[in-house]
Amino acid sequence: MSDITERLTQAQVDQYHRDGFIRLERIATDEEILRLRKAYDRIFAEQAGRESGDQFDLAGTDEEGQKAVLPQILNPAKYAPELAVGDYLGVLNTIVKQLLGPEAEAGVAHAIFKPARYGAMTPWHQDEAYWEPSLNYTSLSIWMPLQDVKVETGCMQFIPGSHKQEIIPHHSVNNDPRIHALVCEADDSKAVACPLSMGGCTLHDSRTLHFAGANVSEVDRRALILGAGLPTTPRTDGRRFIWNEIKETARQKREEAART
Ligand code: NI
């Protein structure tokens, strides 16, 4: 299809490096998105990966039997391999190599489901705040909704230029270490919202401050998140992310129980 962005222009590459994010109108056909959506809906209906800690509530305390306000599945392609094949991956691979270099490769990372009417907001954070602090990263995330999204559905919002800073202090939502989601201070007067039609996506640096509002609409919001990066290198400055050291989530407990 001719309206698919198969390669970024130099202006788009420059914009990504300047702002720390970019919005692309179309990287996949409607047919492909509908195919992905079928697999996506199936694994959320099955709560795939619950036992192993891959499925959990990102924004709640995640007790058994409690209604999840922001269900997430890590490594969704483990449960639905069809998510990790298709033309869209070829398109994204060309794009991430333009942005990061030839070693970068896009892979399906996780899926976040924001239910109609009660799906919780994803608070301001930098993705790297979730990761291993002793490594240096050159990486990005690709956020691909499987339907149209606007502010009321929980589209992505970014603070331009915020990727040029180190990781700022984060803490668990409500300071509750049982909640997986992290939050940090952000000046949201500078936020740029990125509504998208089905088939579009946003890409952002691992340090870019971003947020997605609650889903107050009548439609479920499905997002598939892919990652791409260069090989990590060790840091020697003893960086610590205290907010991760004190986490105590039900997800971690299930993961540990599944391992033993
Ligand atoms: Ni994020």
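Start at 1 and go down the list; that is how both ligands and their atoms are numbered. Starting from 1, each residue takes its place in the sequence as its number. These numbers come from a predicted model, not from an experiment.
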message: Check for me: within less than 2.8 Å of the Ni ion (ligand 1), which protein N/O/S atoms show up?
response: H125 NE2, D127 OD1, H210 NE2
- prompt: Can you tell me if D14 and Q10 form a side-chain donor-acceptor pair at under 3.5 Å?
  reply: yes
NZ/NE/NH1/NH2 to OD/OE distance under 4.0 Å, D41 and R222: yes
N/O donor to acceptor pairs below 3.5 angstrom from side-chain atoms of residues 95-102, sequence neighbours left out:
unit_1	atom_1	unit_2	atom_2	d
K97	NZ	P102	O	3.2
K97	NZ	A104	O	2.8
Q98	OE1	L8	N	2.7
Q98	NE2	L8	O	2.9

query: So, do F21 and H163 have ring centers that fall under 6.0 Å from each other?
result: no
statement: Here the side chain to side chain donor-acceptor pair (under 3.5 Å) pairs for residues 234-244, sequence neighbours left out, are E128-R239, N136-R235, E166-R235, E166-R239, R235-D237, R240-E245
- line: Contacts satisfying side chain to side chain donor-acceptor pair (under 3.5 Å) that involve residues 87-96 (not counting sequence neighbours) are none
